[in-house]
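Quick notes on the structure that follows.
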Amino acid sequence: MRRKSKDELKVALKVLGIRMSDQKPASNPPASKEGREGREGKESRYKDTLNLPKTSFAMKANLIQAEPQSMKRWDESHLFGRLQVARETAEPFVFHDGPPYANGPIHMGHMLNKVLKDFVVRGALMEGRRVRFVPGWDTHGLPIEHKVMTELHEKGKTAKLDTLTAEQRHMAIRRECAAAATKFIGLQAEQMKRLLTLADYADPYYTLMPNYEAKTLEVFADLVEQGVVVRALKPVHWSIANKTALAEAELEYEDREDLSVYVDFEAADRAKVAAAFGLLAEAPTTSDTSTDGSGVGVESEDVDDSRFLDVTPSFMIWTTTPWTLPANLAIAVHEKYRYALVEIDGNTTILASDLVAAVAKKAGAEKVVVRAETDGAKLVGLAYRHPFCPREGRVVSADYVTLEDGTGLVHTAPGHGADDYRTGLKEGLPAYCPVREDGTYDDTVPEWLRGKSIWTANAEVADRLRASGHLFYDHKFMHSYPHDWRSKTPVIFRATEQWFVGVDVPVKRDGKTLRQRALEAITNEVGFTPEWGRNRLRGMLESRPDWCISRQRSWGLPIPAFRMADGKTFLTPASVRAVAKRFAEKGSDAWFQESPADLLSHYDAKSDAAAPAGFDVATLVKLHDIFDVWFEAGSSWNSVLRARNIGYPSEMYLEGSDQHRGWFQLSLLPALGATGVAPFKRLVTHGFIVDKDGRKMSKSIGNTIDVEALLKEFGADVCRWWVAGTDYENDIRADSEFFKVSGESYRKVRNTIRYLLSNLDGFDASERDSILEGISHTSLESWMLAQVASTQELVRDAVRRCAFREAQQAIYHLCNETLSAIYCAATKDRLYCDARSSSRRRAAQAAMHLACDALCRMLAVFLPHTADEAFRALSGDNACVHTERYHTLVFTADPRWSEVLALRELVKGELEKAKARGVENPLDAGVMLPTSHHHLEDFVADLPDLFGVSRVVMAKDQSSIEVVDLRGEPRCERSWKRDGTVRQRSDGGTLSDRDAEALGIA
RNA sequence: GCGCUAGUAGCUCAGCUGGCUAGAGCACACCCCUGAUAAGGGUGAGGUCGAAGGUUCGAGUCCUUUCUGGCGCACCA
């Protein structure tokens, strides 16, 4: 039977709830044991003579109760306002808030965004800059309007709306929308404040404010003046029943049976089609074929008939909306697909190779012969004749062509479809739309269709095609089709006149287009964090179409355009500015309440060079388009930064990476058009919050995290600490477990601060700097303060770069390693046991005071509450860290300190090994340093404390570090050290010289 | 489908222009301390760098393919 190992014994004891230290084997050297027992017996004999830590700064943060108190204190002392006054002459830091949409409580994304922005704001403030950060909200737009309409619908109030005039109706909806937006702004503002963000909450911006609206119109006026605002056709979802455009959100998809037709479009040039398929258009004569260019003769008898294309083939398309055929202008193919020239029951036509069988089967064809095949790319450019309109169309390329349905050749009517429209733009085709707003054809179609409803046209078109031999096959087809959510009637795509900002129109200022200028700006003038944002934005700018800025809705800023008696549109830079002035006075509701004359009361046609001849305000009729909300948000640089004299451009815009497409791009374009200068110097983006498995958060999956609940459980400072630690450039995984981890990390920092504060009890801060002037470069203080100084530099630089994680890690390392593990551990003995006013002790206190002060300033950016709480504990209840700025710290330490620290690591290793010999408590150990370390003689006085041992000796002829067992020597009952001076004193106690002196006994 | 982007220890992340046995912190394990105590200190274990090919004397790092996420491509903001 073997003896139980110590570990096994331990485990057994642990199970029994007994601590090993109470059960030390008798074989252990007695000194340690006696010491321990002595301590336990006379625990308090000298305890009261020590300078033990003492502070009112609690270990438990209690953030949930304490943070609101800080908020109240800052609020009542008008912190934001005071900072504006105090920094009036300081260098401004122009920063601008992108407006979140006011349609619900805040979510994790808002928290991330707002907290990151607050780091920027507070970082700049700590640098001593003047920062006027104005929070804003986007208030107009469809989501609010849709929500309001849905509620009205549910309450049965929409019927009443329908009895009103158009303008009354707009106003009724607008009132409801304004109320809803205002409600959510109030809710969100409170939640954002609860995140301890510092901003001008007393004077925020809303896009619905009259002044904001007026400044947005001024941007529009500038763009009109620069010549980039154009009017053009674009297809939109259209409700025939309500004669109105609809948004995607207003559509309901329902099954509907339609007539689907396969139509043959006759090729216009047989020879070119033949060439595309590698066939000959004419049956060659002998002489023709004897020389074909290659010099090889071809015998006419050998020529296969199949090489001749002797009939004119057709292109076969498939559509479920025969009524759009009159608007057909093109046929789209995919360049990479294979297409077949095929004879189906005597009919020679072209369709995708992969679909020949399916189409033939569907139509019940009996004889199918594939004559030749070619790539889609070869077909592009071929012309065809429209089956019943007197014109030709072209085959074009489009990558959305699929082989799932139809024929692989897509009927394209740019006036009746989104894809078709884009293709039309690319190919230079007009958005031709012969359908009027009531769903009937206009006079541009063949006579037999004019004035007819498109729904009755479906069958007539099919009949006509059948009669003329163009209908290959038709059948009833059940499919999902969009319907108007209110009237439940089917919706159509219909091209309507819209306002655009043209991105390829030369701007008057410098003759460059907005696209060119935008690409220049992001290439040369704007910084990106992360850097790949530049490429991403470039790709978007290169491919983006003209910006459609008009919407046919109620809830938004009206586009101040009128129709004149001659049917032309009236809108000039001066007229827009005049309406802007009116809106500034009355708000944009005026558009629905006032006459054109009133709206243009600030307009004088005589002084407007752009005014049309024969202008008569009395004949004007208001148009009712509103702006795309992005135009409003994209004008915030003017409506906020310039209107409030904050400065232009902004140092940075900081938003989620989705805003490359959104706010960034749609601020850049109007700003470049209106001013020629980008509204931001730098774009910083963050990723999206996903769950712990990397999946996006969604209510339907149920993996969302509620911000309110998070704040209630952890408090804002812990949430902010989590944000500070995220790698925000990419997706950010979040889980409530992660906040627990952040809470642990926070506590570590808090405890370090608490310990610093607790050793400053009774310290006179006014003596600090003179004490620190006298410290030596080899002192622990010099080293620690140099670490504080370099950390502060690192933190400041990292915050400037928005590398918050780096800053957080540096702060954490300072607390955990430099302070807690090394400096505080090393100075514990002198702080506790030295005479209260010993110079060694006071030097440590001075250094700790400065470290604590610097730590508060660094943490002010991340932990506004905790930093201020600590700062007040350090500097008095009237102090506020948020009105402070960084101090310049210049501390240098002896360059040999890196060696000292490396030596410390070695010694720690040796001490660990010595545990096997029974020297478990470092205070039972002495250390003999080899001759290789004798050049560190200057540090020897501090080395025992730095190593946590009782004694360090520079030993002669020593070749390696040696740990000496001091358990045989007496230990000081007060300091628990065995330093060689320990002996019996006059009070009967066993003390070292230092401790006896501290007690004033011999 | 297209564009951009990420995938390194259980978790969160470093690893620059290719080059010593791939680093931190947290968590974990073990130990010390019990005069920072619902604290503090020390030591340690842990990774086929998403997968498969390739270039190279040498690849987490470059190339190709592929898998799995995220964002963007609409009158959603």
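Note that the structure is a prediction, hence the values are computed from the model and not measured.
- An OP1 or OP2 oxygen of B:rG69 is reached within less than 4.0 angstrom by no side-chain nitrogen or oxygen of A:Lys692.
- B:rG41 atom P lies 16 Å from atom CG of A:Asn921, rounded to whole Å.
- For A:Lys908, the NZ atom counts as densely surrounded, since its 6.0 Å shell holds more than 12 non-hydrogen atoms of other residues, nucleotides or ligands.
- B:rA24 and B:rG46 have their P atoms separated by 14 Å, with the value rounded to a whole Å.
- One side chain, A:Ser745 or A:Trp721, offers a donor N or O that lies under 3.5 Å from an acceptor on the other.
- Remark: P of B:rA14 and CD of A:Glu806 are 9 Å apart, rounded to the nearest angstrom.
- Nucleic acid contact class of A:Gln498 (heavy atoms, under 4.0 Å, all strands): base.
- Note on A:Lys234: only backbone sugar-phosphate atoms sit closer than 4.0 angstrom, heavy atoms only; bases stay farther off.
- Taking only distance into account, the side chain of A:Asp731 meets the base of B:rG69 through a donor-acceptor pair shorter than 3.5 Å.
- For the pair A:Thr55 and B:rA36, the criterion of a side-chain N or O lying under 4.0 Å from OP1 or OP2 is not met.
- Among the protein residues, A:Gly687 comes within range of no part of the nucleic acid, since none of its heavy atoms lies under 4.0 Å from any strand.
- Residue A:Arg551 is classed as a base contact, given a heavy-atom separation below 4.0 Å to a base.
- Between the side chains of A:His110 and A:Gln188, no donor-acceptor pair of N or O atoms lies under 3.5 Å.
- Side-chain N/O atoms of A:Ser820 and base N/O atoms of B:rA36 include a donor-acceptor pair closer than 3.5 Å.
- Using a 4.0 Å cut-off, no side-chain N or O of A:Lys913 falls inside it from OP1 or OP2 of B:rU43.
- Residue whose closest nucleotide on RNA chain B sits further toward the 5' end, between A:Ser758 and A:Gly909: A:Ser758.
- Between B:rG35 and A:Lys54, no contact under 4.0 Å exists linking OP1 or OP2 to a side-chain N or O.
- Applying the 3.5 Å distance criterion, the base of B:rA77 shares no donor-acceptor pair with the side chain of A:Trp663.
- Under 4.0 angstrom from either OP1 or OP2 of B:rG69 there lies at least one side-chain N or O belonging to A:Arg695.
- One P atom belongs to B:rU12, the other to B:rA27, and the distance between them is 15 Å to the nearest Å.
- Neither OP1 nor OP2 of B:rA24 sits under 4.0 Å from any side-chain N or O of A:Tyr812.
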For this session: Tell me, with the steps shown, if A:Asp727 and A:Arg805 meet salt bridge (charged side-chain N to carboxylate O under 4.0 Å, His left out).
Result: CA-CA 7 Å; A:Asp727 179 37; A:Arg805 181 174 226 272; 5.5 Å; no
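- Between B:rU43 and A:Lys915, no contact under 4.0 Å exists linking OP1 or OP2 to a side-chain N or O.
- Residue whose closest nucleotide on RNA chain B sits further toward the 5' end, between A:Ala418 and A:Asp727: A:Asp727.
- Between A:Leu668 and A:Ile522 the shortest side-chain heavy-atom distance falls below 4.5 Å.
- Remark: A:Arg422 is not in phosphate contact with B:rC2, judged by side-chain N or O atoms under 4.0 Å from OP1 or OP2.
- Partner A:Lys977 forms a salt bridge (charged side-chain N to carboxylate O under 4.0 Å, His left out) with one of A:Asp924, A:Asp995, A:Asp829 and no other, that one being A:Asp829.
- For B:rG42, one of the phosphate oxygens OP1 or OP2 lies less than 4.0 angstrom from a side-chain nitrogen or oxygen of A:Arg904.
- For a distance-only test at 3.5 Å, the side chain of A:Arg536 qualifies as a donor-acceptor partner of the base of B:rC71.
- When heavy atoms are screened at a 4.0 angstrom cut-off, A:Val236 is found touching base atoms of the nucleic acid.
- Within 4.0 Å (heavy atoms only), A:Arg544 reaches no atom of the nucleic acid at all.
- As judged by a 4.0 angstrom heavy-atom cut-off over every strand, A:Asp693 is placed among residues making no nucleic acid contact.
- Using a 4.0 Å cut-off, some side-chain N or O of A:Asn816 falls inside it from OP1 or OP2 of B:rC26.
- The separation of B:rU66 from B:rA74, taken at their C1' atoms, amounts to 31 Å, rounded to a whole angstrom.
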